[in-house]
Amino acid sequence: MTDTLITKKLSIVVAVSSNNAIGKGNELLWYLSADLKHFKNITTGHTIIMGRKTYESIGKPLPNRRSIVITHNKDYKIEGAEVVHSLNDALDLLGENEEGFIIGGAQIYNQVLPFCNKIYLTTVHHHFDADAFFPEIDRKVWKETEKAEHKADERNEFDYTFSTLEKM
Ligand SMILES: NC(=O)c1ccc[n+]([C@@H]2O[C@H](COP(=O)([O-])OP(=O)(O)OC[C@H]3O[C@@H](n4cnc5c(N)ncnc54)[C@H](OP(=O)(O)O)[C@@H]3O)[C@@H](O)[C@H]2O)c1
């Protein structure tokens, strides 16, 4: 598996809470209008790769993006998305120098984090009860290269920070 993984340009896009939570009951934990826009800006026009559960929590292929969904289920079919049965198969669909955007969820993040070069990280400054978590980010390995802090407002219930982390 690792051969393809280490040769690809992979970026994670994720929103985590202060306690590393990313979801519960196969849903997101918050509604932050600014983060949805941020996600759209980062991923539009690109290839997004996700696990089957994340796909089902979104419910449809996102517009103006190429969607690749990973499942073990050989009968799984989605109109408007490509379905594959391993991470390697997903990465094989990427163009030679194409940046692939890994959009979750926990199972997929856990498998790809060691092979990613960049994390587009949204931190939501609140603790949540959750059943899906992002793996611990080793700050000795990952350096923050961009950071923008934002206060809660009428469209965003919690304080949040957009950052970019790059592997040193
Ligand atoms: N906050 C965020 O930024 C964010 C982003 C994305 C998702 N989420 C949240 O994360 C949660 C979902 O995460 P999750 O870990 O439960 O599920 P997931 O990673 O989205 O999907 C897991 C599924 O992917 C398939 N899969 C995983 N690894 C595979 C492999 N190596 N080969 C083939 N298939 C593989 C399996 O599908 P089959 O069972 O069909 O075989 C597995 O059940 C939800 O709560 C969602 O809202 C949060």
Side-chain angles (χ1 to χ4, degrees), residues 1-6 8 10-44 46-63 65-79 81-94 100-116 118-137 142 148 150 152 156-165:
M1 172 168 91
T2 52
D3 286 359
T4 309
L5 278 166
I6 56 179
K8 293 291 177 179
L10 299 178
S11 299
I12 280 176
V13 188
V14 65
V16 305
S17 72
S18 314
N19 57 321
N20 261 4
I22 63 166
K24 187 176 183 189
N26 211 27
E27 290 182 1
L28 293 177
L29 295 157
W30 47 76
Y31 175 80
L32 287 179
S33 170
D35 191 47
L36 295 179
K37 277 201 200 104
H38 186 65
F39 177 86
K40 189 174 170 190
N41 285 341
I42 292 168
T43 58
T44 292
H46 297 288
T47 300
I48 52 176
I49 299 172
M50 72 204 86
R52 189 262 309 164
K53 292 187 181 172
T54 291
Y55 172 73
E56 290 185 354
S57 84
I58 298 169
K60 59 179 189 320
L62 291 169
R65 278 148 278 196
R66 179 191 190 193
S67 294
I68 300 176
V69 177
I70 309 175
T71 173
H72 296 99
N73 181 351
K74 298 268 161 52
D75 298 323
Y76 203 80
K77 299 217 168 12
I78 305 166
E79 201 174 316
E82 289 158 86
V83 176
V84 295
H85 307 295
S86 72
L87 264 174
N88 256 358
D89 287 351
L91 304 183
D92 282 343
L93 292 176
L94 291 172
F101 292 82
I102 312 291
I103 66 155
Q107 284 189 33
I108 300 296
Y109 289 141
N110 263 299
Q111 294 171 68
V112 300
L113 182 60
F115 307 103
C116 284
K118 202 184 245 193
I119 304 175
Y120 296 94
L121 177 71
T122 299
T123 305
V124 181
H125 298 286
H126 190 82
H127 275 244
F128 290 88
D129 180 36
D131 60 18
F133 294 86
F134 194 75
E136 204 63 45
I137 296 173
W142 290 95
H150 302 275
N156 300 284
E157 196 181 350
F158 306 101
D159 292 353
Y160 57 97
T161 300
F162 294 141
S163 29
T164 305
L165 306 183

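Atom set for the values below is all heavy atoms of this structure, side chains included, hydrogens, waters and symmetry mates excluded. Each ligand, and each atom within it, is numbered from 1 in the order the structure gives. Throughout, numbering of the chain's residues begins at 1 and tracks the sequence.
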Inset, instruction - Please verify whether a non-hydrogen atom of Glu27 lies at under 4.0 Å from ligand 1. - result: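 Glu27 counts as a contact of ligand 1 under the 4.0 Å cut-off.
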Among [options], which one has a heavy atom closest to [atom]?
{"atom": "atom 20 (O) of ligand 1", "options": "Ile102, Leu87, Thr54", "value": "Thr54"}
{"atom": "atom 14 (P) of ligand 1", "options": "Ala106, Ala130, Gly51", "value": "Ala106"}
{"atom": "atom 2 (C) of ligand 1", "options": "Ser86, Ser57, Ala15, Gly25", "value": "Ala15"}
{"atom": "atom 24 (O) of ligand 1", "options": "Arg52, Glu56, Lys53, Gln111", "value": "Arg52"}

N or O pair under 3.5 Å between [X] and ligand 1:
{"X": "Ala132", "value": "no"}
{"X": "Val13", "value": "no"}
{"X": "Asp131", "value": "no"}

Which ligand 1 atoms are under 4.0 Å away from a heavy-atom of [X]?
{"X": "Lys24", "answer": "45 (O)"}
{"X": "His85", "answer": "32 (N), 33 (C)"}
{"X": "Gly104", "answer": "6 (C), 20 (O)"}
{"X": "Tyr109", "answer": "3 (O), 5 (C), 6 (C)"}
{"X": "Val14", "answer": "3 (O)"}
{"X": "Gly23", "answer": "45 (O)"}
{"X": "Ile108", "answer": "19 (O), 27 (C), 28 (N)"}
{"X": "Ile103", "answer": "5 (C), 6 (C)"}

Inset, instruction - May I ask you to check whether His150 and Phe162 place their ring centers less than 6.0 Å from one another? - result: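 Ring-ring flag for His150/Phe162: true, centres closer than 6.0 Å.
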Legend entry - Ring center gap for Phe133 and Phe128 short of 6.0 angstrom: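 When the ring centroids of Phe133 and Phe128 are compared, they turn out to be at least 6.0 Å apart.
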Inset, instruction - Using a 4.5 Å cut-off on heavy atoms from C-beta on, say whether the side chain of Ile49 contacts that of Leu91. - result: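 Side chain of Leu91 against side chain of Ile49, heavy atoms only: contact under 4.5 Å found.
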Legend entry - Note, Val14 side chain near Ile102 side chain (heavy atom, < 4.5 Å):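 Val14 does not reach Ile102 side chain to side chain.
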Do [X] and [Y] get their side chains close enough for a donor-acceptor pair, meaning under 3.5 Å?
{"X": "Tyr76", "Y": "Lys74", "result": "no"}
{"X": "Thr71", "Y": "Asn73", "result": "no"}
{"X": "Ser57", "Y": "Asn26", "result": "no"}
{"X": "His125", "Y": "Thr161", "result": "yes"}

Inset, instruction - Flag yes if more than 12 heavy atoms outside Glu56 fall under 6.0 Å of its CD atom; otherwise flag no. - result: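 It does: Glu56 CD has more than 12 such atoms within range.
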Legend entry - Closest heavy-atom pair and its distance - Val13, Thr43: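 Heavy-atom minimum between the residues: CG2-CG2, 4.2 Å.
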